[in-house]
Amino acid sequence: MKISFPHFGNAYIAGKVLLEECGHTVITPPVCSRSTLELGTSKSPESMCMPFKIFIGNYIESIQRGADTILLTGSCGPCRYGFYSYMQKDIIKKLGYDVDFIVLESFKEGIPQFSKNIKRLIGSVSPNKLLRSSRLALKLIKSSDDLTCLSNEVRAYAIDKDKVNFIMDSFYKDADDIHGFNQLQNLINDTERQLRTLKINRNFKPLRVGLIGDIYTIIEPFINLEVERKLGYLGVIVEKSLTPTKWLEHHILSYPFGSKFENEKYSLARPYIKDMIGGHGRETVGSAIYYRNKGFDGAIQILPLNCMPEIVAKSVLKRVVKDIDFPVMTLVVDEMTGEAGFNTRLEAYVDLLYKRRRGEMIIG
Amino acid sequence: MDNYYLGVDVGSVSTNIVLINENNEVVYKEYLRTQGKPIDILKDGIGRLAKEAGYNNIHGAGCTGSGRQLASIVIGTDIVKNEITAHAIASLNAKPDVRTIIEIGGQDSKIIILRDGITVDFAMNTVCAAGTGSFLDRQAIRLGIAIEEFGDSALKSKNNLRIAGRCAVFAESDMIHKQQLGHNQDDIIRGLCQALVRNFLSNVGKGKDIRGPIMFQGGVAANRGIKEAFQEELGEEVLVPENFDVMGAIGAAILGKERSRDIGYSNFKGLDIYKRDYAVNGFECEGCSNLCEVLEIKEDNKTLARYGDKCGKWTY
């Protein structure tokens, strides 16, 4: 079984190793790029949301590399993600590719199907080994997320910001060719060391901005036009409100109670949105308030065009922003790869934050 | 001899060049159509400026607009600034107590909210260019009238004709339908102006605290029909500054002036640049699957800059 899965931020690094430990050959899709987007767009329904199109692109590129099985998670939340597995299976089949789909639905959707899927994935690995591997995989997800987080922080302070990008680019390149926990962990530690030795400007007081919105658009750099890097170049420390680590902590590790961080967001959002509205709409509103309370300078909402939960959150945010006096900017992402408009908005927003901080017009 | 400062705004539709003096007064301005050839138009503009006597004492330069990176490479500027800040600076210079700026250009429309001379909020149109100059341009062509006559034509109308303004495509079919019913052209144009204003206020201006004094600038501010529609909708006077069409460039010039004073010199290459040869060469990098479109600018066969790549392989 040559197994592949769509990209989901840094999660592929750990996912690859875990599945390899279970005895599968893993084919990671190439890093999302223009060709992924073009492939995905041409095969997807026109008005579907952006992540759907990227997923389709990921599948096709993996299949071209030899994958015969695709693993993805199901969902029953009130957002289009719930349709993904059904529609994508259909699309891939109609394109004439003969691949298997393993859709990991929550066990609430039926225990027999759930255990069947798990069995297929685990194979003949002993429970002990599985437990150990899962622990290591979790650690890997966490350390790769921490690494991105560190790179964002270093970038804001670094004197030569290109070097940060260079280090991170070679990390992603090397991670593709490396197998096994230890080697990957070593690579991460190594990269971390490199980042920590970069020359930084210690007197610089960077702005801090939270990235809020739909999880997929926050964590996939290609989708959000590398907003973290762009902000880093403008001297801003970026914190992502959602990452694979945070998602796992909330939905798996602290099940059924949820993680402290996410629950805090829910209670912050409660005056505005009481219930789950699908996707991460409620989290978006909660995160905005969370970052305000944490003393951040602002937050940027990344909204994939026509994403229903985020549209609701955007409308609600207008009110929230007034109530808490906190600047939130919404950036819409879709198939556009022209970056001029995107840069203008980011620069103007950063200017605005500086002015707010100093209470005066600044030049330069 | 007086000192002058150059400001350039390379936008999607127009390229504007202004020269200001020490008191931030405009002594020279040019409004040119970009026509998709920013470098040629920029050279033409600078060439014309160079031939006007007395303006060779330029001590600073700034640029803005969506083509600002390109402009800064070609003319050598002291500051490269986004349009929002540039417009805010220019408006504050024209009217220090301004509290709302409405700017509608070719592809962009923005609203800037200021309080006590500080930008406190802004918004730009998101993915759609429905409420912008290009939309009006297109409809004017369809109606067969010059864009310059558009506004006056709207003012002649006394009727309220509602045209759907949410989307340029909807507006167009709605407009054709109204034409076929036999409505007067002036009424249709007025309806379009109102549709654009409605679109702006419900999209870009939504949730913003719009208070007077309100400034209206950008190329579309030449259209008196739109100004009228804004006043009707907002119930407040809307001011169009004298140099409404080149406000971005004025802001850039002011910023360039202050920056060059701070650093004590200027990067401006001089007005002779119009004599030089610029060539832009684009190619697709095949180093990875991103297939970045890399651009290379050459000045008299010497490479000035390369940009457009994600990984930094070509940039310098």
Side-chain angles (χ1 to χ4, degrees), chain A residues 30-38 61 161-163 165-166 169-170 173 221-222 225-226 229 303 305-306 314-315 317-319 321-322 325 327-341 343-356 358-364, chain B residues 10 12 62 64-70 78-89 92 107-108 110 112-114 116-129 206-209 254-259 261-263 284 288-293 308 310-313 315-316:
Chain A
V31 176
C32 298
S33 67
R34 231 175 79 195
S35 64
T36 317
L37 178 64
E38 275 167 20
E61 284 183 323
K161 301 183 195 298
D162 289 335
K163 275 198 183 133
N165 289 352
F166 181 77
D169 283 342
S170 31
K173 221 183 208 161
F222 173 73
L225 302 170
E226 308 200 316
R229 291 191 178 194
L303 186 159
L305 184 70
N306 76 34
K314 185 186 171 207
S315 316
L317 274 175
K318 289 210 159 117
R319 167 75 189 283
V321 163
K322 260 191 201 144
D325 185 32
V328 177
M329 177 171 70
T330 302
L331 289 174
V332 180
V333 292
D334 196 50
E335 288 164 35
M336 303 154 299
T337 45
E339 300 184 357
N343 290 340
T344 300
R345 286 162 179 81
L346 288 178
E347 278 174 32
Y349 184 67
V350 170
D351 272 359
L352 174 107
L353 295 186
Y354 271 118
K355 276 168 217 158
R356 269 180 75 98
R358 301 185 191 180
E360 63 185 30
M361 276 306 234
I362 56 134
I363 310 291
Chain B
V10 181
S12 56
T64 182
S66 46
R68 58 184 181 279
Q69 297 296 348
L70 187 72
D78 302 307
I79 196 162
V80 184
K81 206 68 195 168
N82 61 77
E83 300 96 293
I84 306 265
T85 309
H87 275 285
I89 299 253
L92 285 170
Q107 285 290 333
D108 277 340
K110 23 184 134 36
I112 309 171
I113 306 290
L114 303 111
D116 307 320
I118 299 168
T119 314
V120 291
D121 197 3
F122 74 90
M124 278 175 90
N125 56 336
T126 48
V127 276
C128 165
K206 188 169 189 179
K208 299 282 176 254
D209 189 11
I254 297 174
L255 288 165
K257 177 182 116 184
E258 299 187 6
R259 169 58 72 86
R261 272 188 190 166
D262 281 353
I263 55 177
E284 204 169 69
C288 72
S289 53
N290 269 321
L291 304 175
C292 297
E293 291 144 1
K310 280 192 198 302
C311 65
K313 177 174 159 189
T315 312
Y316 78 88

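Chain naming here is simple, since letters A, B, ... match the order of the sequence lines and numbering starts at 1 in each.
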Region of [X] that comes under 4.5 Å of a non-hydrogen atom in chain B:
X: Phe166(A); answer: neither
X: Asp162(A); answer: neither
X: Val31(A); answer: backbone

How about [X] and [Y]: do any of their side-chain heavy atoms sit closer than 4.5 Å?
X: Glu347(A); Y: Thr85(B); value: no
X: Lys206(B); Y: Lys314(A); value: no
X: Lys81(B); Y: Asp351(A); value: yes

Margin query: Counting neighbours of NZ on Lys208(B) that are heavy atoms of other residues, nucleotides or ligands and sit closer than 6.0 Å, is the number greater than 12?
Written below: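 Count over threshold, so yes.
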
Item checked: Within 6.0 angstrom of Lys173(A) NZ, more than 12 heavy atoms from elsewhere ->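 For Lys173(A), atom NZ is not crowded (no more than 12 foreign heavy atoms under 6.0 Å).
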
Next item on the list: Against chain A, label Asp78(B) side chain, backbone, both or neither, depending on which of its atoms sit under 4.5 Å from a heavy atom there.
Entry: neither

Checklist line | Interatomic distance, Met124(B) atom CE to Thr330(A) atom OG1 [nearest 0.5 angstrom] | finding: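 Going from CE on Met124(B) over to OG1 on Thr330(A), the span is 14.0 Å.
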
Check: When rounded to the nearest 0.5 angstrom, what distance separates CZ in Phe122(B) from CZ in Arg345(A)?
Finding: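 Result: 8.5 Å between the selected atoms.
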
Using every non-hydrogen atom in the two residues, find where [X] and [Y] come nearest and quote the distance to one decimal.
X: Ala348(A); Y: Ile84(B); result: CB-CG1, 3.3 Å
X: Lys355(A); Y: Ile118(B); result: CB-CG2, 4.1 Å
X: Leu352(A); Y: Thr119(B); result: CD1-O, 3.5 Å

Item checked: salt bridge (Lys or Arg N to Asp or Glu O under 4.0 Å) against Lys257(B), all qualifying residues, sequence neighbours excluded ->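 Lys257(B) satisfies salt bridge (Lys or Arg N to Asp or Glu O under 4.0 Å) with no residue once adjacent residues are dropped.
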
Next item on the list: Using salt bridge (Lys or Arg N to Asp or Glu O under 4.0 Å) as the criterion, list what pairs up with Asp209(B), not counting sequence neighbours.
Entry: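 Salt bridge (Lys or Arg N to Asp or Glu O under 4.0 Å) list for Asp209(B), sorted by chain: Arg115(B), Arg211(B).
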
